[in-house]
Amino acid sequence: LTIARVSLPVPAATPFDYWVPDGLAVEPGSAVRVRLGRRRLVGVAIDLVGESEVPPEQLMPLDEVVVGLPPLSAEVLELARFVSSYYHAPLGQCLALALPSLTRPRRRASPLQNDAAPSAPSHAVHALNDEQRAAAAAIAAARGRFTPFLLRGVTGSGKTAVYLDAAARVIAEGGQVLLLVPEINLTPQLAERVRVTLGNASVAVLHSGLPAGARRAHWESAATGSADIVLGTRLAVFAIMPRLGLIVVDEEHDASYKQQEGVRYHARDVAVFRARTRGVPIVLGSATPSLETHWSASSGRYMALALTRRAGAHPALPPVRRVARRDGNAVEGVGAELQAAIRERLARREQTLLFVNRRGFAPSLLCAGCGWKAECARCDARLVVHRDPPGLRCHHCGHAQALPRACPHCGNQDLLPLGSGTQRLERAVATLFPQARVVRVDRDATRRKGAFDGMRDAITRGDADILVGTQMLAKGHDFPRLTLVGVLGADNALYSGEFRATESLFALLEQVAGRAGRGDEPGEVIVQTDFPDHPVYAALAAHDYAALASSLLSERKSLSLPPFAHLALLRAEARREAAVQAFLDNAVRLGRSLAGETAPACEVYAPVPATLPRRAGLWRSQVLVQAPRRAPLHALLDAWLPALTALDTASVRWSVDVDPQSFA
Ligand SMILES: [Zn+2]
Ligand SMILES: [Zn+2]
């Protein structure tokens with residue numbers, strides 16, 4: 001009798017045994033369908049053995065092997081094991097990340113080269129400049145051995161050209177290249193550019209927005225080795241690639257590489273592990289690297305490559321003007337200097353991007369009579385005023401309700417929307433500049449499938465004068481007519497309690513500023529702020545990442561925060577506040593006593609409420625664990641988490657987040 005050990009996507013620490021009926025060809029890595037209780041699940045056979053500890057009469061047979069799916073390679077099985085042990089997540093859930101979607105019947109997708117070809121103009125293939133050539137040569141010279149690179153290149157310096165040059169050399173020698181990007185929206189453009197630059201290379205695209213059939217076809221072309229380049233978002237880090245020769249993580253600092261639910265892995269860090277075990281080079285690219293990566297490069301563990309000049313017509317980065325937010329002539333938050341600058345662009349038929357990182361009309365609704373504010377009944381959060389379509393919405397739990405006609409508290413009909421989101425700014429510029437064509441780009445405006453691509457094409461063609469957008473427009477897009485970027489409302493981020501807030505704000509602003517002046521005309525950036533001398537704006541004006549990074553690093557060092565310490569966050573939530581408190585009090589007591597035995601260097605802090613203490617009716621609190629090195633942190637978690645499972649926690653949902661990106 002052959003027994004298959006099957007790892008299933010359920011919260012269980014161990015695999016389940018099934019006997020293999022005659023005629024089923026199962027091997028380690030095969031995706032199989034089995035029954036678990038009343039459910040039918042797809043899992044992965046991780047081992048084949050001769051006997052089981054389960055009595056034979058209780059063993060169930062394996063139902064079937066998923067047809068036509070190549071087994072997960074030994075390397076991907078090892079990768080999943082690493083993710084499971086590092087992030088303390090059940091192996092079955094980690095393996096599920098490596099499988100394509102199997103929910104819908106299989107449909108042969110169109111040939112890989114032809115799908116998702118956008119109508120964006122093709123990028124001309126430019127010769128590399130000296131810096132680009134040196135960087136690409138260094139990467140190519142590291143072929144066949146693990147070498148981590150940080151490619152720090154200012155916005156517009158042509159990092160992608162470096163990736164593709166190095167990729168071409170790897171492909172020419174028979175290797176496959178894994179190229180990770182942070183946003184689904186960036187994949188069609190980049191796939192097109194790969195096709196133009198690399199001619200005959202076959203490209204597989206992997207992201208969660210693809211239809212199941214297409215995703216499976218692309219997944220298979222990566223797994224069989226027929227794709228030369230695999231281009232995708234964070235989940236693509238698990239793609240089977242038999243000829244993997246190079247990994248690139250573009251915009252490596254981007255928070256979207258970290259999965260925020262289920263298995264809370266960081267795709268960049270998993271990619272570094274994968275490069276090390278496969279013995280291949282990895283390139284982490286960014287204009288504003290994460291402090292962790294920057295520190296690894298400055299301490300010599302990563303090789304630093306730099307692109308200091310823009311590759312296009314205007315080698316200088318756009319000048320940044322810091323102007324007062326309140327200037328007496330502001331209209332709905334758009335100050336006089338910004339208005340004048342927009343007017344100049346309209347006269348020259350150039351484009352302006354107004355960046356405000358809040359969607360909706362106004363972030364809150366206030367009663368002028370009694371001071372009442374519209375709040376979500378289920379979250380500790382204000383309701384956001386929307387006008388398109390009208391209503392009040394909670395951006396945390398999705399709750400929606402009609403706009404009240406009068407204050408529910410005092411009956412006053414004078415209700416004021418406070419602050420400004422994208423919809424209000426769109427309306428304001430349409431009033432200020434009635435002749436201008438205004439396009440709003442945010443999550444609400446692009447909900448319809450294909451809407452974003454349509455807007456991007458229209459902007460590129462020049463069918464828009466003023467773009468009002470959130471961070472959706474900040475990343476990676478290249479609009480040649482865009483010469484002015486106006487930043488509004490960025491000060492809000494300065495009040496955040498998150499330890500990465502300054503780093504993230506700078507990265508976002510540098511990226512959005514980098515949209516200006518990428519074509520033939522020079523660009524300009526105007527930041528409206530109450531704090532023009534704040535270090536983050538000073539660094540932006542000087543485009544001086546290094547200075548800001550070094551001051552943030554010394555702050556991190558004095559507070560024992562990453563990269564000088566390692567963190568894990570135990571999060572818990574429940575309907576009753578007392579249940580969360582009781583669970584975390586017990587957890588802390590246990591954690592401290594275990595730390596005393598196994599990992600004295602670990603600090604287990606007292607429970608504190610989450611940044612948003614109540615969300616969707618659940619009370620949320622957390623416990624921070626801090627350690628000077630990774631080993632004691634993992635030793636503690638290995639002992640602690642099973643002990644927590646043993647606590648009676650029926651009413652409490654908890655999870656652990658290793659290397660948390662935020663305390664939200
Ligand atoms: Zn009132
Ligand atoms: Zn809510």
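All ligand and atom numbering here is 1-based and tracks the order in the structure. The chain is numbered in sequence order, starting from 1.
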N/O/S atom of His399 inside 2.8 Å of the Zn ion (ligand 2), strictly under:
no
Derivation and outcome, side chain to side chain contact (heavy atoms under 4.5 Å, CB included), residues Leu180 and Asp250:
CA-CA 6 Å; Leu180 299 179; Asp250 190 25; over 6 Å; no
Using modelled atom types and a 3.5 Å cut-off, is there a donor and acceptor pairing between side-chain atoms of Gln423 and backbone atoms of Arg387?
yes
If I take the Zn ion (ligand 1) as the centre, what angle separates the SG atom of Cys367 from the SG atom of Cys370? Nearest 10 degrees is fine.
110°
Between Arg500 and Pro660, the two heavy atoms sitting closest are NH2-O, 3.4 Å
Is it the case that the side chain of Gln626 and the backbone of Ser560 share a donor-acceptor pair, with hydrogens and angles ignored and the cut-off at 3.5 Å?
yes
Is the shortest side-chain N to carboxylate O distance from Arg358 to Asp442 below 4.0 Å?
no
Suppose we only count N/O/S atoms under 2.8 Å; would Cys394 qualify as near the Zn ion (ligand 2)?
yes
Does the shortest distance from the Zn ion (ligand 2) to an N/O/S atom of His396 fall below 2.8 Å?
no
Between SG of Cys397 and SG of Cys379, what angle is found at the Zn ion (ligand 2), rounded to 10 degrees?
110°
Can you tell me if His409 has an N, O or S atom under 2.8 Å away from the Zn ion (ligand 1)?
no
